[in-house]
Amino acid sequence: MNNSLYHAKERHATWLELFFDLVFVAVIGAIWWIYFDSFPLLERAQRLTNGYILIFAQLFLCMGLLLLANMIRHAILGDLDRTTFSLLGISGLCLFYLGKQVPYWYAFVPWRRAIVSNTLICVGITVASSFLPRVEYSLFGMMLGMLVYVALTFRRILSVDVSDYLSEH
C-alpha cells in the first residue's frame, strides 16, 4: 500500500472506496440492530440473576472492537505486516463474537447450538480471509464474515421462540 496516497493534500476517494465505506456503515448498523434488538430479551432472561455475565461479555466485546479498530487503522496506514494483521483480525473478531454470544448462550438454551455453529462459521470465514493475497481482500472477507453473522443471527437465532426462558416483568 502506498502511504503517499493517504497523506496527499489533494487526495480524493475512489468509487470503490466510497462503496466499501457505505457497506461498512451498513454492517455497523446491522450489528448495532442485532445487539440492541435482542438486548431486551437478556433483561428479562430468567437465568440471569446478576449482571456479572453481561459485564464480562461487554469486556470481551469492547476488547474485540478495540483490536479491530487498531487493525483497521494500521491497515489504512500500511504499516502492519501480514502476520500481525491476521492475528489482530482473528483475535479481535473472536473476542467480539465471544462477547456478543456468551450471555445469549447462557440465558437461552434453544439458541445454544445455533450460536456455536454461527460463531464457528463466522470465525472460519475470518480465518480463511486472512489467507487472501492482499490486506484489502482480507478486510472484505472479514466484513463478509460479519454480514454472514448478521444474516445467520436473524435466521437461526432471533427467529426461535424463547418465551419459556423469560420472566414476566
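Along the sequence shown, residues carry numbers from 1.
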Rounded to the nearest 0.5 Å, how far apart are [atom1] of [X] and [atom2] of [Y]?
X	Y	atom1	atom2	value
Tyr52	Phe56	OH	CZ	8.5 Å
Leu61	Leu54	CG	CG	11.5 Å
Met142	Thr126	CE	OG1	6.0 Å
Thr119	Gln101	OG1	CD	4.0 Å
Tyr165	Leu48	OH	CG	13.5 Å
Trp111	Asp161	CH2	CG	9.5 Å

- Check step by step if side-chain contact (heavy atoms from CB on, under 4.5 Å) holds for Leu67 and Leu95. CA-CA 9 Å; Leu67 283 174; Leu95 286 170; 3.7 Å; yes

Answer with yes or no whether the hydrophobic clustering places [X] together with [Y]; edges join I, L, V, M, F, W, Y residues whose side-chain heavy atoms lie under 4.5 Å apart.
X	Y	answer
Met146	Phe19	yes
Tyr149	Leu147	yes
Phe131	Val123	yes
Val27	Ile125	no
Met143	Leu18	no

- Audit row: Leu66, Met63, side-chain contact (heavy atoms from CB on, under 4.5 Å) steps and yes/no: CA-CA 5 Å; Leu66 288 171; Met63 286 174 27; 5.6 Å; no

- In terms of heavy-atom contacts, does CH2 of Trp105 have more than 12 from other residues, nucleotides or ligands at under 6.0 Å?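 Atom CH2 in Trp105 is not packed in, count stays at 12 or less.
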
- Message: Apply the hydrophobic cluster definition, ILVMFWY joined by side-chain contacts under 4.5 Å directly or through others, and give me every member besides Leu132.
- Response: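 Via sub-4.5 Å side-chain contacts, Leu132 links to Tyr137.
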
- Message: Test side-chain contact (heavy atoms from CB on, under 4.5 Å) on Leu158 and Thr153; report intermediate values, then the result.
- Response: CA-CA 6 Å; Leu158 296 179; Thr153 299; 4.1 Å; yes

- Message: Assess the residue pair Cys122 and Leu93 against the criterion (side-chain contact (heavy atoms from CB on, under 4.5 Å)); give the C-alpha distance rounded to whole Å, side-chain angles, the decisive distance to 0.1 Å, and a yes or no.
- Response: CA-CA 9 Å; Cys122 295; Leu93 283 172; over 6 Å; no

Any side-chain heavy atom of [X] within less than 4.5 Å of one from [Y]?
X	Y	value
Phe140	Ser129	no
Val102	Phe60	no
Pro103	Gln58	no

Ignoring hydrogens, what is the shortest heavy-atom contact between [X] and [Y]? Give both atom names and the distance.
X	Y	answer
Tyr97	Gly145	OH-O, 3.6 Å
Gly89	Leu68	O-CD2, 3.9 Å
Arg156	Ala114	O-CB, 3.7 Å
Thr84	Leu80	CG2-CD1, 3.6 Å

- Item | Aromatic Tyr106 / basic Arg47 pairing, under 6.0 angstrom, 45° off normal |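 Yes, cation above the ring, under 6.0 Å and within 45°.
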
- Check whether the side chains of Arg82 and Ser138 place a donor and an acceptor atom closer than 3.5 Å, and report yes or no.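 Yes, Ser138 and Arg82 have a side-chain donor paired with an acceptor closer than 3.5 Å.
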
- Examine Trp33 together with Phe154 and report whether their ring centres are nearer than 6.0 Å.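 Yes, the ring centres sit under 6.0 Å apart.
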
- Can you check whether Leu88's main-chain N or O pairs, donor with acceptor, with Ser91's side chain at less than 3.5 Å?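 The answer is no, because no donor-acceptor pair under 3.5 Å joins these two groups.
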
- Item | side chain to side chain contact (heavy atoms under 4.5 Å, CB included) partners of Leu139, counting only residues at least two apart |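 Per chain and number, Leu139 pairs via side chain to side chain contact (heavy atoms under 4.5 Å, CB included) with Met71, Ile72, Ala75, Phe85, Val135.
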
